[in-house]
Structure formats: structure tokens, C-alpha cells
Peer 1: 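Shown below is the structure under consideration.
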Amino acid sequence: MRTAVITLAAGRHRHLALQQAGLAAGSRTPDQYIVVAMNDAGLCAVLADRRPAATIIDCPVRDGALPLARDRNLGAAHALEHGAELLVFLDVDCVPGERLLERYAQVARDPAHRRSLLCGTVAYLPPPPPAGYRLTDLPTLAGPHPARPAPPPGETHQGTDHTLFWSLSFALTADTWHAVGGFSEEYEGYGGEDTDYGQRARAAGVPLAWVGGAPAFHQHHPVSSPPVGHLDDILRNAEIFHRRWSWWPMADWLDAFADCGLIRWNRSSTHWERTPPTKADATTTDPRLHRP
């Protein structure tokens with residue numbers, strides 16, 4: 001089964017380099033390694049002369065909003081045009097475990113799961129030591145995220161809750177990609193596009209399959225909680241999602257933004273909206289309250 005690994009990148013060069021090293025060290029290497037660069041000309045130097053050889057697709061960014069949905073579709077289209085039968089999507093921060101590609105391909109060949117979204121486990125790593133992460137140490141540093149199923153190695157569990165789908169690490173056959181129809185490019189910027197994809201899969205009758213023995217290791221990086229820097233993207237994308245599916249995604253983030261006074265619920269329109277800035281925002285020492 002000809003396999004393509006697709007990742008999106010805008011910075012995070014050290015993370016991307018370790019991902020490439022993880023692919024090279026795996027029990028199976030991809031037939032294609034496609035990196036979609038979002039306004040990042042420096043990726044060529046990061047990936048050059050290393051295995052597996054990477055194909056870089058340049059994608060311009062408009063108005064500063066990363067087009068994550070469009071970029072995944074671009075990567076998939078390139079892979080399919082060049083004969084890929086299995087698409088594996090990895091977040092740029094994710095390092096594949098040794099057998100990730102082997103297990104995804106094994107399960108994709110199983111008639112019981114051939115038309116499923118295949119989801120491996122993801123472990124969130126602690127900050128790296130001064131010398132950086134070592135591939136051989138990753139499995140000992142953190143366990144699978146507790147909010148997702150984690151079957152033992154060699155087992156695959158059918159899933160019924162499509163709200164658990166996330167795009168950090170997943171795989172699907174070319175036929176399944178066509179059945180779901182790709183990511184909705186109505187979403188731009190951070191948040192919501194992968195939750196939407198899970199609902200599109202559900203609507204298309206495509207189940208989830210949680211794959212044991214296909215771990216990915218998410219490299220540490222600083223985060224803001226809630227992600228205030230992405231507030232406008234999240235608010236816009238949540239509105240799109242609600243219009244499409246009649247419920248609000250990213251509810252924890254929306255509630256946290258409301259607790260910070262950044263957004264409010266409009267009872268008349270039954271929608272979230274930005275709250276006007278106040279003089280207090282300019283002087284507060286709480287970074288969560290500074291509007292982007």
C-alpha cells in the first residue's frame with residue numbers, strides 16, 4: 001500500500017527535523033513525504049539532503065490566518081496525483097513512533113477498517129532536555145493522552161464518538177478520503193476544521209478506528225490557555241461550525257474566553273460576540289485579558 005505522510009509547517013523547524021528523523025527510523029518509511037509550507041521559505045534548508053526525501057508545497061497565507069484546511073487538501077491532492085493509496089496526516093509537532101506507518105498500513109488493509117478514519121495515540125511530551133529529545137527515549141517520557149482511547153499494541157477498537165477525532169495523527173485510504181470529501185476550506189486559521197472533518201466523516205458513514213501500536217509523540221512548545229492569540233479565528237470558525245452542525249465546538253475555550261471577559265453570549269442573537277475593550281485591559285497584568 002503506497003503511503004504518503006502529509007504535514008503542514010510554518011516555523012517549528014526543530015520539531016519538523018525530528019519528525020523527519022522519526023520517519024527515517026521507522027519500521028516502514030513513506031513512499032512520499034509531503035510538507036506544505038505556509039509562508040516558510042526556510043523549510044528547504046531544514047529538510048534538504050535528509051531521508052525520507054521531502055516534497056515541499058508552498059502555500060501563501062492571506063491576512064495572517066493559516067489555511068490549515070486548504071493546506072491539508074493540497075497535500076492530499078498532491079499525494080493522490082502521485083499514486084498514494086494511504087494518506088497519513090501528522091501535525092508538525094508530532095514524531096511518529098517506530099511502527100506508526102506499519103500499523104496504519106496494516107489496519108488499512110483489514111476489510112473491517114478499510115473505510116475508517118484511523119486514529120493512533122498521541123502522547124504530550126514534557127519539555128526537552130538541553131540537548132533535545134532522543135528518539136529512543138520518547139516512549140518512556142509520556143503516556144497516551146487520557147482523553148482519547150488507547151488500545152494496546154496490536155489491537156484496534158471501533159469508535160462511535162466522532163467528536164473525539166483530532167488531526168494530530170490520523171490516516172485513511174484514498175477511497176475514504178474521497179468519501180468524506182476533504183476538509184472544508186470555509187475554515188481559516190486555528191480551530192474547528194478538524195472537528196468539522198470528524199462530523200463530515202460521521203455524515204458520510206465513515207467510522208473511527210482507534211489503532212493501538214501507532215503512537216505519535218507531540219513535542220513540547222509553549223502554549224497560551226486559553227489560546228487568546230487565536231481568539232478571532234476560534235470565534236469565526238465556531239460560528240461556521242455552529243451554522244453547519246447546530247452545536248458549538250471548542251466549548252471549553254469559548255467558556256474560558258467569556259470568563260476572561262473577552263467574549264459574551266448575546267441572548268438576542270444566541271451567538272458569541274467580542275466584548276468592547278475597556279481601559280482596564282490596557283493596564284491589567286493578567287496576560288489572558290490582553291486582546292490580540
Side-chain angles (χ1 to χ4, degrees), residues 8-12 15 38 61-69 71-72 89 91-94 119 122-128 142-148 161-170 183-184 186-199 216-267 269-292:
L8 319 180
R12 304 272 173 81
H15 288 198
M38 298 177 284
V61 176
R62 300 186 299 263
D63 302 323
L66 298 179
L68 304 177
D71 288 355
R72 291 194 185 99
F89 290 83
D91 187 270
V92 67
D93 298 319
C94 284
C119 304
V122 177
Y124 276 76
L125 298 173
H145 194 285
R148 299 294 188 279
D161 186 356
H162 284 74
T163 66
L164 295 180
F165 172 78
W166 56 4
S167 56
L168 295 176
S169 170
F170 73 99
F183 284 76
S184 171
E186 193 172 3
Y187 297 88
E188 287 197 351
Y190 185 82
E193 86 290 339
D194 53 354
T195 309
D196 180 273
Y197 191 78
Q199 294 307 297
F217 303 96
H218 187 281
Q219 301 171 76
H220 178 83
H221 59 81
V223 297
S224 171
S225 183
V228 174
H230 299 290
L231 188 153
D232 288 324
D233 289 349
I234 290 169
L235 200 58
R236 181 184 61 253
N237 288 344
E239 183 77 26
I240 294 169
F241 186 97
H242 182 267
R243 171 165 47 80
R244 292 167 63 94
W245 305 106
S246 300
W247 55 274
W248 292 97
M250 304 177 282
D252 289 345
W253 287 348
L254 293 172
D255 288 341
F257 291 146
D259 290 342
C260 292
L262 300 173
I263 64 174
R264 64 189 178 191
W265 179 253
N266 187 318
R267 296 185 181 219
S269 64
T270 63
H271 288 279
W272 291 102
E273 63 184 17
R274 288 289 297 257
T275 55
T278 67
K279 291 182 179 180
D281 293 337
T283 58
T284 180
T285 58
D286 186 344
R288 298 177 305 166
L289 299 182
H290 286 289
R291 290 169 171 75

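The chain is numbered in sequence order, starting from 1.
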Peer 1: Can you confirm whether Pro227 sits close enough to Trp253 that some side-chain heavy atom of one is under 4.5 Å from a side-chain heavy atom of the other?
Peer 2: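 Side chain of Pro227 against side chain of Trp253, heavy atoms only: contact under 4.5 Å found.
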
Peer 1: With rounding to the nearest 0.5 angstrom, report the OH to NE2 distance, Tyr124 to His221.
Peer 2: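 It is 7.0 Å, given to the nearest 0.5 Å.
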
Peer 1: So, using side-chain hydrogen bond (donor to acceptor under 3.5 Å, both in side chains) as the criterion, who are the partners of Arg236 when residues are at least two apart?
Peer 2: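 Scan of Arg236 (side-chain hydrogen bond (donor to acceptor under 3.5 Å, both in side chains), adjacent residues dropped) gives Asp233.
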
Peer 1: So, do Asp196 and Phe183 sit near enough that their side-chain heavy atoms are less than 4.5 Å apart?
Peer 2: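 The answer is no; the side chains never approach within 4.5 Å.
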
Peer 1: Could you work out, with side-chain contact (heavy atoms from CB on, under 4.5 Å) as the rule, every residue matching Thr195, not counting sequence neighbours?
Peer 2: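 Thr195 satisfies side-chain contact (heavy atoms from CB on, under 4.5 Å) with Phe241, Trp247, Pro249 once adjacent residues are dropped.
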
Peer 1: Please report the closest heavy-atom contact between His220 and Pro126, naming both atoms and the distance.
Peer 2: CB-O, 3.6 Å

Peer 1: Under the ring pair (Phe, Tyr, Trp, His ring centres under 6.0 Å) test, which residues partner His15, sequence neighbours left out?
Peer 2: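 Once residues adjacent in sequence are excluded, His15 has no partner under the ring pair (Phe, Tyr, Trp, His ring centres under 6.0 Å) criterion.
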
Peer 1: What I'd like to find out is whether the side chain of Leu68 reaches to under 4.5 Å of the side chain of Glu188, using heavy atoms alone.
Peer 2: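 No, every pair of side-chain atoms sits at 4.5 Å or beyond.
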
Peer 1: Looking at every heavy atom in both Asp91 and His218, which two are closest together, and how far apart are they?
Peer 2: OD1-NE2, 4.3 Å

Peer 1: For the residue pair Ser184 and Ala69, what are the closest heavy atoms and their distance?
Peer 2: O-CB, 3.2 Å

Peer 1: Of all heavy-atom pairs between Ser167 and Glu193, which one has the smallest distance, and what is that distance?
Peer 2: OG-OE2, 4.3 Å

Peer 1: Could you grab the distance from atom SG of Cys260 to atom CG of Asp255, nearest 0.5 Å is fine?
Peer 2: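 If we round to the nearest 0.5 Å, Cys260:SG and Asp255:CG are 11.0 Å apart.
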
Peer 1: Using 4.0 Å as the upper bound for N to carboxylate O, is an ion pair formed by Asp194 and Arg72?
Peer 2: no

Peer 1: Would you name the heavy atoms of Ala123 and Ala142 that are closest together and state the gap between them?
Peer 2: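 For Ala123 versus Ala142, the nearest heavy atoms are CB-O, 3.7 Å.
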
Peer 1: Of all heavy-atom pairs between Val92 and Gln219, which one has the smallest distance, and what is that distance?
Peer 2: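 Here Val92 and Gln219 meet closest at O-NE2, 4.1 Å.
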
Peer 1: Kindly indicate, with the supporting measurements, whether the criterion side-chain contact (heavy atoms from CB on, under 4.5 Å) is fulfilled by Arg264 and Phe257.
Peer 2: CA-CA 8 Å; Arg264 64 189 178 191; Phe257 291 146; over 6 Å; no

Peer 1: Let me see the working for Trp248 and Leu254 under side-chain contact (heavy atoms from CB on, under 4.5 Å), right down to the final yes or no.
Peer 2: CA-CA 9 Å; Trp248 292 97; Leu254 293 172; 4.3 Å; yes

Peer 1: Going by the rule side-chain hydrogen bond (donor to acceptor under 3.5 Å, both in side chains), which residues pair with Trp265 if we only count those two or more places apart in sequence or in a different chain?
Peer 2: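 Counting only residues at least two positions away or on another chain, Trp265 forms no side-chain hydrogen bond (donor to acceptor under 3.5 Å, both in side chains).
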
Peer 1: Check this for me: Arg243, atom CZ, are more than 12 non-hydrogen atoms of other residues, nucleotides or ligands nearer than 6.0 Å?
Peer 2: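 Check passes, neighbour count above 12.
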
Peer 1: What is the ring orientation for Phe165 with Phe170, classed by angle as parallel under 30°, tilted 30 to 60°, or perpendicular over 60°?
Peer 2: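 It falls in the perpendicular class, over 60°.
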
Peer 1: Does a donor on one side chain sit under 3.5 Å from an acceptor on the other, for Trp272 and Asn266?
Peer 2: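 No, no side-chain donor-acceptor pair sits under 3.5 Å.
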
Peer 1: What residues form a side-chain hydrogen bond (donor to acceptor under 3.5 Å, both in side chains) with Glu239, not counting sequence neighbours?
Peer 2: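 Counting only residues at least two positions away or on another chain, Glu239 forms a side-chain hydrogen bond (donor to acceptor under 3.5 Å, both in side chains) with His271.
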
Peer 1: Just say parallel, tilted or perpendicular for the rings of His145 and Trp166, cut-offs at 30° and 60°.
Peer 2: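 Taking Trp166 first and then His145, their aromatic rings stand perpendicular (interplane angle over 60°).
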
Peer 1: Under the side chain to side chain contact (heavy atoms under 4.5 Å, CB included) test against Arg148, which residue among Leu168, Val122, Leu164 passes?
Peer 2: Leu164

Peer 1: Quick one: list whatever passes side-chain hydrogen bond (donor to acceptor under 3.5 Å, both in side chains) with Tyr197, sequence neighbours left out.
Peer 2: none

Peer 1: Given 3.5 Å as the limit, does a donor-acceptor pair link the side chain of Thr275 with the main chain of Gly261, or not?
Peer 2: yes

Peer 1: Contact between Asn237 and Glu186 at the side-chain level, heavy atoms closer than 4.5 Å - yes or no?
Peer 2: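 Contact flag for Asn237/Glu186 side chains = no.
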
